[in-house]
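Whatever order the structure lists ligands and atoms in, that order sets their numbers, starting from 1.
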Amino acid sequence: MKRALVPGTFDPITAGHLDVITRASQLVDEIIVGVAASPKKSPLFSLEERVALAREATKALPNVRVEPFDCLLVVFAEEIGANIVVKGLRAITDFEYEFQMTALNYQLNQAIETIFIMSPPQYMYLSSSIVREIACLHGDMDGFVPECVRAALEAKFA
Ligand code: COA
């Protein structure tokens, strides 16, 4: 069975993340969406909230599971039996950071392969922080986030 890990902080999950998860789910048997605790990022949503939103947003995808993690990415991948890590690549600016992370993860565990899925043009400049900012300023989030996330953001910034 081919099992892949799609990791991220998902604060919150966006339409861009969903695009990557959906496309990855067509390539392997099972996807685990790993929601990182990422305390250094001081997330807006708690880990439990981020997991619940990601579960709701991916509920139509039968081979996708969402789990939290608070350890090294490669350790979590080993724990869940995933030897593929899938990341989204948006603009060229993502490349250097992803290159470094992939090289480090490869040093830590050479059995884990990282693959990248290019974002389509409409999601190239989307990020969780941009979505949080739009929500904070009561802007229109249509097309940027799944419905459950829109509702959760509106509640946070009511
Ligand atoms: N669509 C929309 N947004 C996307 C995206 C996509 N396809 N791909 C990335 N993004 C956004 C994310 O939302 C995030 O936005 P933000 O900074 O505004 O919150 C930003 O791009 C960066 O994404 P990413 O690089 O995936 O960072 P992340 O914080 O979401 O996840 C981890 C990073 C969790 C994968 C990484 O920190 C990690 O592996 N942590 C575990 C600890 C570890 O192993 N550390 C050492 C690694 S060598």
Participant: Minimum heavy-atom separation for Leu18 to Thr22, with atom names?
Facilitator: O-OG1, 2.6 Å
Participant: Would you say atom 23 (O) of ligand 1 makes contact with the protein, given that contact here means a non-hydrogen protein atom less than 4.0 Å away?
Facilitator: no
Participant: Any idea which part of Ser129 is under 4.0 Å from ligand 1, heavy-atom wise: side chain, backbone, both or neither?
Facilitator: both
Participant: Name the closest protein heavy atom to atom 46 (C) of ligand 1, giving the residue it belongs to and the distance to 0.1 Å.
Facilitator: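 I find the closest protein heavy atom is Leu72 CD2, 3.9 Å.
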Participant: Give the ring-plane orientation class for His17 versus Phe10, where under 30° counts as parallel, over 60° as perpendicular and anything between as tilted.
Facilitator: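 Ring orientation of His17 relative to Phe10: perpendicular.
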Participant: Any salt bridge linking Glu30 with Arg65? Criterion: basic side-chain nitrogen under 4.0 Å from a carboxylate oxygen.
Facilitator: yes
Participant: Closer than 4.0 Å to some heavy atom of Cys71 - which atoms of ligand 1 meet that?
Facilitator: 41 (C), 42 (C)
Participant: Between Thr58 and Leu61 (side chain of the first, backbone of the second, donor and acceptor by atom type, cut-off under 3.5 Å), is there such a pair?
Facilitator: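 No, the answer is negative, given that no donor and acceptor are paired below the 3.5 Å cut-off.
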Participant: Does the protein place any heavy atom closer than 4.0 Å to atom 18 (O) of ligand 1?
Facilitator: yes
Participant: Going by heavy-atom distance to atom 48 (S) of ligand 1, choose the closest among Thr102, Ile13, Asn105.
Facilitator: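 Of the listed residues, Asn105 has the closest heavy atom.
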Participant: Give yes or no for whether the N/O distance cutoff of 3.5 Å, strictly under, is met between His17 and ligand 1.
Facilitator: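 Yes, at least one N or O pair falls under 3.5 Å.
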Participant: Are any of the protein's heavy atoms under 4.0 angstrom from atom 5 (C) of ligand 1, yes or no?
Facilitator: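 Looking at atom 5 (C) of ligand 1, one finds that a protein heavy atom does lie closer than 4.0 Å.
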Participant: So which heavy atom in the protein is nearest atom 13 (O) of ligand 1, and how far is it from that ligand atom?
Facilitator: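 Scanning the protein heavy atoms, the shortest distance from atom 13 (O) of ligand 1 goes to Ser128 OG, 2.8 Å.
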Participant: Give the residue and atom name of whichever protein heavy atom lies nearest to atom 32 (C) of ligand 1, and the separation in Å to one decimal.
Facilitator: Gly8 CA, 4.5 Å
Participant: Can you tell me which residue and heavy atom of the protein come closest to atom 14 (C) of ligand 1, and the distance to 0.1 Å?
Facilitator: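 Ranking protein heavy atoms by distance from atom 14 (C) of ligand 1, first comes Lys41 NZ, 4.1 Å.
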Participant: Please report, to 0.1 Å, the donor-acceptor pairs under 3.5 Å made by any side chain of residues 32-42, with sequence neighbours excluded.
Facilitator:
unit_1, atom_1, unit_2, atom_2, d
Ser38, OG, Thr9, OG1, 2.8

Participant: How does Val20 reach ligand 1, if at all, at less than 4.0 Å between non-hydrogen atoms: by side chain, backbone, both, or neither?
Facilitator: side chain
Participant: For Tyr123 and Gly16, work out which heavy atoms get closest and say how close.
Facilitator: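 Distance-wise, the nearest heavy atoms are CG-CA, 3.8 Å.
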Participant: For Ser119, counting its heavy atoms only, list the atoms of ligand 1 lying under 4.0 Å from any of them.
Facilitator: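 Answer for ligand 1: 7 (N).
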Participant: Out of all atoms in ligand 1, which are within 4.0 Å of some heavy atom of Phe69? Include the element for each.
Facilitator: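 Every atom of ligand 1 under 4.0 Å from some heavy atom of Phe69: 41 (C).
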Participant: Considering the heavy atoms of Ala36, write down every atom of ligand 1 situated less than 4.0 Å from one of them.
Facilitator: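 Going through ligand 1 atom by atom, the ones under 4.0 Å from Ala36 are 34 (C).
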Participant: Heavy atoms only, cut-off 4.0 Å: how does Ala15 contact ligand 1, side chain, backbone, both, or neither?
Facilitator: neither
Participant: Report the part of Tyr123 in contact with ligand 1, treating N, CA, C, O as backbone and CB onward as side chain, heavy atoms under 4.0 Å; options are side chain, backbone, both, neither.
Facilitator: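 For Tyr123, no heavy atom sits under 4.0 Å from ligand 1.
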Participant: Might you point out which heavy atoms bring Ala15 and Gly143 nearest each other, and give the distance in Å?
Facilitator: CB-O, 3.5 Å
Participant: More than 12 heavy atoms of other residues, nucleotides or ligands under 6.0 Å from CD of Glu96: is that the case?
Facilitator: no
Participant: Consider only side-chain heavy atoms of I, L, V, M, F, W and Y, link residues closer than 4.5 Å, and tell whether Met124 and Phe116 are in one cluster.
Facilitator: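 Result: yes, single cluster for both.
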Participant: Please confirm whether the backbone N or O of Met118 pairs with a side-chain atom of Arg23, one donor and one acceptor, at under 3.5 Å?
Facilitator: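 Yes.
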Participant: Is it the side chain, the backbone, both or neither of Thr9 that has a heavy atom closer than 4.0 Å to ligand 1?
Facilitator: both
Participant: Below 4.0 angstrom from a heavy atom of Leu104, which ligand 1 atoms are there? Numbered from 1 as shown, please.
Facilitator: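 So the atoms of ligand 1 that pass are 48 (S).
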Participant: By the definition salt bridge (charged side-chain N to carboxylate O under 4.0 Å, His left out), identify the one residue from Arg3, Arg55, Arg50 that meets it with Glu67.
Facilitator: Arg55
Participant: Of the protein's non-hydrogen atoms, which lies at the shortest distance from atom 36 (C) of ligand 1, and what is that distance?
Facilitator: Tyr97 OH, 4.3 Å
Participant: State, to 0.1 Å, how close Val145 and Leu153 come at their nearest heavy-atom pair, and which atoms those are.
Facilitator: CG1-CD1, 4.5 Å
Participant: Using a strict 4.0 Å threshold on nitrogen-to-oxygen distance, state whether Lys156 and Glu49 make a salt bridge.
Facilitator: yes
Participant: Starting from atom 21 (O) of ligand 1, what is the nearest protein heavy atom, named by residue and atom, and what distance separates them?
Facilitator: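 That would be Arg90 NH2, 2.9 Å.
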Participant: Say whether Leu126, considering both its backbone and side-chain N or O atoms, lies within less than 3.5 Å of an N or O atom on ligand 1.
Facilitator: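 Between Leu126 and ligand 1 (N or O atoms, distance only) the closest approach is under 3.5 Å.
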Participant: Using a strict cut-off of 4.0 Å, indicate which atoms of ligand 1 neighbour a heavy atom of Ser127.
Facilitator: 3 (N), 15 (O), 18 (O)
Participant: Based purely on interatomic distance, does Leu73 place a nitrogen or oxygen under 3.5 Å from a nitrogen or oxygen of ligand 1?
Facilitator: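 Such a contact does occur with ligand 1.
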Participant: Heavy atoms only: which of Met101, Glu98, Lys40, Lys87 lies closest to atom 35 (C) of ligand 1?
Facilitator: Lys87
Participant: Using every non-hydrogen atom in the two residues, find where Asp11 and Leu44 come nearest and quote the distance to one decimal.
Facilitator: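 So the minimum-distance heavy-atom pair works out to OD2-N, 2.8 Å.
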Participant: Does one side chain, of Asn83 or Glu113, offer a donor that lies under 3.5 Å from an acceptor on the other?
Facilitator: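 The criterion, which ignores hydrogens and geometry beyond distance, is not satisfied for Glu113 and Asn83.
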